[in-house]
Amino acid sequence: MKTHHIALLSLALAVVLALPAQAQTGDANSDALLVDALRIATDAQAWALKPAALGGPADREDIGDVAFEDLGCAASSGTYSTLSGAFTLTS
């Protein structure tokens, strides 16, 4: 299994496990955090599938090498902040 499949599987599992907890709290910030996390994951997957000539990963890169800058997000010291929270990518 390629690295990006494992990363997506890990993300999917995290989202599935977070949904019941989020449904119980029901607050707007939890909703916003979940939406932001899903948007980041979707953007990372789109980047991983994009040809290198169009800004996608180089020959030996995969989704584990993505940075917020690759996704068009302004990050400070590897952390991307939104109104709902702060996010850090790890591989």
Side-chain angles (χ1 to χ4, degrees):
M1 190 180 288
K2 287 187 147 194
T3 305
H4 67 276
H5 290 125
I6 294 171
L8 287 177
L9 181 61
S10 298
L11 175 68
L13 182 59
V15 169
V16 168
L17 293 175
L19 285 176
Q22 185 274 329
Q24 290 175 356
T25 60
D27 67 31
N29 194 54
S30 294
D31 292 341
L33 282 170
L34 184 59
V35 168
D36 287 344
L38 289 172
R39 184 184 54 77
I40 291 167
T42 302
D43 290 349
Q45 179 64 22
W47 173 83
L49 296 173
K50 193 183 300 185
L54 298 176
D59 288 336
R60 298 196 183 269
E61 289 183 320
D62 63 15
I63 198 166
D65 299 309
V66 70
F68 285 116
E69 291 76 14
D70 296 324
L71 309 179
C73 301
S76 174
S77 300
T79 300
Y80 172 61
S81 296
T82 66
L83 293 175
S84 58
F87 299 87
T88 303
L89 294 173
T90 59
S91 58

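Note that the structure is predicted; figures quoted are calculated from it, not measured.
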Among all residues two or more places apart in sequence or in another chain, which pass the side-chain hydrogen bond (donor to acceptor under 3.5 Å, both in side chains) test with Ser81?
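For Ser81, no residue satisfies side-chain hydrogen bond (donor to acceptor under 3.5 Å, both in side chains) once neighbours in sequence are set aside.
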
Which residues pass the side-chain hydrogen bond (donor to acceptor under 3.5 Å, both in side chains) test with Asp70, not counting sequence neighbours?
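Listed in chain order: nothing, the list is empty.
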
Yes or no on side-chain contact (heavy atoms from CB on, under 4.5 Å) for Thr82 and Leu33, after CA distance, side-chain angles and deciding distance?
CA-CA 9 Å; Thr82 66; Leu33 282 170; 5.6 Å; no

Of all pairs that satisfy ring pair (Phe, Tyr, Trp, His ring centres under 6.0 Å), the ones with a partner from residues 49-85, not counting sequence neighbours
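Listed once each, the pairs are Phe68-Tyr80.
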
Sequence neighbours left out, what pairs pass ring pair (Phe, Tyr, Trp, His ring centres under 6.0 Å) with at least one residue falling in residues 27-51?
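For residues 27-51, and leaving out neighbouring residues, there are no ring pair (Phe, Tyr, Trp, His ring centres under 6.0 Å) pairs at all.
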
For [range], which residue pairs qualify under salt bridge (charged side-chain N to carboxylate O under 4.0 Å, His left out), counting only residues two or more places apart or in two chains?
range          : answer
residues 51-61 : none
residues 77-91 : none
residues 39-54 : Arg39-Asp43

Could you list the residues that satisfy ring pair (Phe, Tyr, Trp, His ring centres under 6.0 Å) with Phe87, not counting sequence neighbours?
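Checked Phe87 against ring pair (Phe, Tyr, Trp, His ring centres under 6.0 Å); zero matches.
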
Of all the heavy-atom pairs spanning Ser84 and Ala32, show the shortest one and how long it is.
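Heavy atoms of Ser84 and Ala32 come nearest at CB-CB, 3.5 Å.
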
Taking all heavy atoms of Val66 and all of Leu71, pick out the closest pair and write down the distance.
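Closest pair (atom of Val66, atom of Leu71, distance): CG2-CD2, 3.6 Å.
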
Nearest-0.5 Å distance, CG of residue Leu54 to CG of residue Leu49:
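CG of Leu49 is found 12.5 Å from CG of Leu54.
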
